[in-house]
Amino acid sequence: MYLNEELIDLSNTVLKHLPYPTFITDIDGHIIWWSSEAEKQFGYHFDDLKGLKLPIFNEYTNGHLSAKWETIVQNVDPVRLNPVVIYSKDRETTKTSLIAKSFSIDDKSYVLFQIESNTIQNQDYSFLELQLLKKGLSDSFMVLYLDNEGLIIHANESFLKKSNWTPKRILGKSFWQLFPNTPDHISIADEIIHTIQKGNKFQGTVEKMTKDGLNYWVNILAIPITDTENNTLYYLLLEEEITEKKLLQSRLEQIAYVDTETGLMSRHRLEEVVTEYIEDNKHFSFVFISIDQFYTLKDIFNDQTKSLLLIEFTKRLKIYFEDSIIARADGDDFALITPLSDWYIQGFVNFLKQNPIYLDSRVIPITVSGAITRFPEDQQSYLHLLKATNSTIQKVKLEGGGMISSLSQSDHYKLTRRIQIEKRLLVALNHNDLHVMYLPQRDLAIGKITAVEALVRWEDDVLGVVPPDELIPIAEETGLINDIGTFILEKSCEQAAIWQQQGIPVKVSFNSSIREFRDKNMVKTIRKVLKKYNCSPELIQIEFTEKFALEAEAEKSIIQQMQTLKEEGIVFILDDFGTGYASLRYLQLLPIKKLKIDKSFVSSITQQEKLQKLVQGLIYFGQSLNVGVVAEGVETKEQYDLLTQMGCDSVQGYYISQPISAKEVEMLLKLN
Ligand code: C2E
Ligand code: CA
Ligand code: CA
């Protein structure tokens with residue numbers, strides 16, 4: 001007789017909680033597991049019955065069961081026997097009914113019996129089977145349950161461990177939040193949900209993200225489950241991590257320089273080849289071609305058909321670009337190194353139309369997006385070729401794809417300049433080439449200049465003047481904004497302290513992105529700088545815009561840091577008020593002392609009555625909240641007078657002064 005230890009283990013964990021007597025036999029009817037509820041109701045211990053052939057039934061039931069045995073074993077659906085008579089250990093009889101259901105694990109068949117008790121009737125057997133498998137699955141897989149909208153309702157230990165979420169935090173989060181926030185990843189998540197929402201299963205390899213933003217790879221199986229009792233739909237997701245395997249595969253590819261799926265040159269080799277071409281000064285076009293909506297191509301999405309599609313696509317590339325170098329850049333991105341002309345490359349779109357891909361004798365309707373960047377005309381290094389090509393292809397995709405496009409003149413100029421700014425900014429920061437100008441602000445109640453706004457200025461030997469509107473976004477993207485932030489903080493504190501010592505009563509505002517407050521050490525940093533220059537916190541005002549929406553996760557720490565600084569005397573100003581969607585929310589949430597009405601409102605205030613009403617409203621609004629109102633971009637006497645009339649607290653703009661140096665501020669204040 002065969003005893004499956006694992007099955008017993010499994011049943012002990014999973015089935016033991018069932019509130020009705022349950023047992024399992026092997027294919028010959030020998031008992032291999034007996035639940036504790038059955039022990040309770042019938043007095044037999046598992047040890048009394050192990051390996052025995054159903055001694056608990058009376059003859060009538062035994063006969064009935066034998067007659068039905070073949071059916072039970074062969075039938076996937078549960079078989080119900082009614083009535084059955086069961087002897088307890090002390091020979092008392094119970095008349096009840098019974099459900100028997102066969103199932104297989106590892107090619108071995110078993111029969112699961114459930115004895116109906118009065119309280120529980122007609123349990124759904126698919127549910128029971130699921131319970132049985134649950135433990136086994138939970139041991140081997142990361143398990144997630146979603147509700148029918150894709151919100152997480154359960155995650156098992158191994159999932160939590162891998163993803164670094166706490167059980168409390170993950171509940172109610174959406175499935176999409178488990179993926180890196182890129183269009184490709186989001187569309188895979190969409191695809192998974194759409195597939196299971198339609199009642200189909202989804203199987204594939206996907207890249208996910210832990211709570212801390214680390215990516216990992218899993219094989220995923222997602223299946224819809226109907227809970228017939230409540231008539232609700234759930235989704236069960238089983239995931240198996242394969243990051244190691246992926247890494248190994250990529251390492252092998254690195255060694256072999258071959259993409260294992262398509263047999264093309266791998267991207268590692270691609271980089272080398274491009275670099276060699278550049279070194280030899282060979283002229284070529286660097287081309288990306290990417291299959292449009294690869295991850296949402298309906299009906300073909302399983303790993304096997306996906307591979308077939310890629311292979312077929314590769315064939316077409318090889319035929320059309322016969323003498324060019326073709327590589328698999330990533331996922332559905334292919335790269336070419338080719339001397340061919342733009343128009344020939346662009347002809348691939350039509351070639352694909354004329355030579356469609358068939359899978360299972362069905363045409364798969366694919367189109368491609370592509371981008372061409374030339375060496376040396378457009379870009380001069382591998383990295384820059386890659387960046388430019390990437391940004392062109394993103395544009396093509398945004399415009400709906402189906403096209404191969406080359407770099408436009410203006411893109412070309414912008415890209416080159418941008419890359420230069422990135423490079424030169426590093427040097428500027430090292431050489432202290434940035435400096436600060438101050439924009440005076442007049443308090444209307446007393447008619448005097450009481451504050452200045454520090455604005456960063458950069459004039460580079462090569463690039464000329466780089467205005468903040470160009471500089472700041474690039475700095476934000478590259479992370480150099482933190483260095484600029486530190487520079488401005490230092491300068492502002494230093495200057496404010498100098499003026500304080502000279503007895504000049506003026507505060508210094510500086511701009512900061514709320515992103516900088518995500519740095520948990522922001523308070524410490526500011527305190528340190530204040531101390532370094534012996535600057536009192538009351539002299540400092542921090543302006544920030546709502547450009548970066550607060551993330552729920554970071555929110556608490558940002559608010560806390562701002563609160564602490566406010567208590568120490570620092571004033572926060574909400575800049576560009578009225579241009580963002582979250583202005584009011586921020587006023588509620590953050591310790592804001594002043595708001596600054598954006599210059600776009602001020603610029604036409606004298607011409608538009610509607611705008612006047614709006615600005616007047618904003619001023620009343622600020623006053624009612626006890627928040628000071630500053631108007632910026634005041635250029636004319638009319639604007640100035642109107643704002644004074646409206647009760648605005650202070651104004652700044654070219655009417656008062658252009659941004660000026662610290663010395664000029666001192667001179668201006670002498671006239672104050
Ligand atoms: P902002 O904070 O709204 O700064 C006001 C901008 O308007 C400044 O441009 C200023 O020179 C300009 N301005 C002042 N008065 C007038 C006026 O009457 N008419 C007109 N048309 N413009 C006026 P700037 O210095 O080019 O700065 C542009 C933006 O760059 C700033 O907008 C701010 O968001 C950002 N910025 C500037 N310096 C820094 C900095 O040190 N750190 C950060 N994070 N951002 C900065
Ligand atoms: Ca500002
Ligand atoms: Ca502003």
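Counting starts at 1 for both ligands and their atoms, in listed order. Small disclaimer: the values here were computed from a predicted structure and weren't measured.
On a distance-only criterion, Q652 and ligand 1 share no N/O pair closer than 3.5 Å. Considering backbone and side-chain N/O atoms, L455 never comes within less than 3.5 Å of an N/O atom of ligand 1.
Of the possible polar contacts, one joining the T210 side chain to the L214 backbone as a donor-acceptor pair under 3.5 Å is found. Between the side chain of D575 and the main chain of T545, no donor-acceptor pair closer than 3.5 Å is present.
Of the candidates P468, S512, A631, P468 brings a heavy atom nearest to atom 26 (O) of ligand 1.
In summary, the atoms of ligand 1 found under 4.0 Å from a heavy atom of D576, numbered by their order in the structure, are 3 (O). Each of the following atoms of ligand 1 lies closer than 4.0 Å to a heavy atom of P659: 11 (O). Of all atoms in ligand 1, numbered sequentially from 1 with element shown, those under 4.0 Å from a heavy atom of E635 are 17 (C), 18 (O), 19 (N), 20 (C), 21 (N). Close approach of ligand 1 to E632 (heavy-atom distance below 4.0 Å) involves ligand atoms 3 (O), 5 (C). Within ligand 1, the atoms closer than 4.0 Å to a non-hydrogen atom of R457 are 11 (O), 25 (O), numbered from 1 in the order shown. Annotation for ligand 1: atoms under 4.0 Å from non-hydrogen atoms of D469 are 28 (C), 29 (C), 30 (O).
At least one heavy atom of G633 sits less than 4.0 Å from an atom of ligand 1.
Using cut-offs of 30° and 60° for the angle between ring planes, the Y586 and F544 rings count as tilted. Using cut-offs of 30° and 60° for the angle between ring planes, the F179 and F175 rings count as perpendicular. Taking the six-membered ring where the residue is Trp, Y640 and Y655 present tilted rings, their angle falling between 30° and 60°.
Ion pairing between E271 and R267 fails under the 4.0 Å rule for side-chain N and carboxylate O. Between K599 and E635, no side-chain nitrogen of the basic residue sits less than 4.0 Å from a carboxylate oxygen of the acidic one, so the salt-bridge criterion is not met. Looking at K246 and E207, no side-chain N of the basic residue comes within less than 4.0 Å of a carboxylate O on the acidic one, giving no salt bridge.
For E632, the N/O/S atom at the shortest distance from the Ca ion (ligand 3) is named OE2. Counting just the N/O/S atoms of D576, the one with the shortest distance to the Ca ion (ligand 3) is named OD1. When you scan the N, O or S atoms of E453 for the one nearest the Ca ion (ligand 2), you land on OE2. Closest to the Ca ion (ligand 3) among the N, O or S atoms of D575 is OD1.
Ranking the protein heavy atoms by distance from atom 38 (N) of ligand 1 puts V456 N, 3.3 Å first. For atom 4 (O) of ligand 1, the closest heavy atom belonging to the protein is E453 OE2, 3.7 Å. When hydrogens are left out, the protein atom nearest atom 22 (N) of ligand 1 is Y654 OH, 3.4 Å; that is the closest non-hydrogen contact. Among protein heavy atoms, atom 14 (C) of ligand 1 sits closest to L439 CD2, 3.3 Å. When hydrogens are left out, the protein atom nearest atom 7 (O) of ligand 1 is K599 NZ, 2.9 Å; that is the closest non-hydrogen contact. For atom 44 (N) of ligand 1, the closest non-hydrogen atom on the protein side is N511 O, 3.7 Å.
Under the 4.5 Å side-chain criterion, counting only non-hydrogen atoms from C-beta, V506 is not in contact with Y438. Looking only at side-chain heavy atoms (C-beta outward), V206 and V218 come within less than 4.5 Å of each other.
Put simply, atom 34 (O) of ligand 1 has no protein non-hydrogen atoms near it, under 4.0 Å away. The protein does not reach atom 31 (C) of ligand 1 closely, with no heavy atom under 4.0 angstrom from it. Distances from atom 41 (O) of ligand 1 to the protein include at least one heavy-atom value under 4.0 Å.
Among the backbone and side-chain atoms of E543, an N, O or S atom lies under 3.0 Å from the Ca ion (ligand 2). When distances to the Ca ion (ligand 2) are checked against a cut-off of 3.0 Å, N511 contributes an N, O or S atom below that limit.
For the atom pair NZ of K387 and CD of Q379, the computed distance is 9.5 Å after rounding to the nearest 0.5 Å.
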Is there a side chain to side chain contact (heavy atoms under 4.5 Å, CB included) between R418 and E422 once you walk through the steps? CA-CA 6 Å; R418 197 201 142 96; E422 275 174 32; 3.2 Å; yes
Side chain to side chain contact (heavy atoms under 4.5 Å, CB included) evaluation trace for S405 with K395 = CA-CA 9 Å; S405 159; K395 262 194 223 161; over 6 Å; no
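Counting heavy atoms of neighbouring residues, nucleotides and ligands inside a 6.0 Å radius, atom NZ of K397 exceeds 12 of them.
Between the side chains of Y533 and Q495, no donor-acceptor pair is found at a separation under 3.5 Å.
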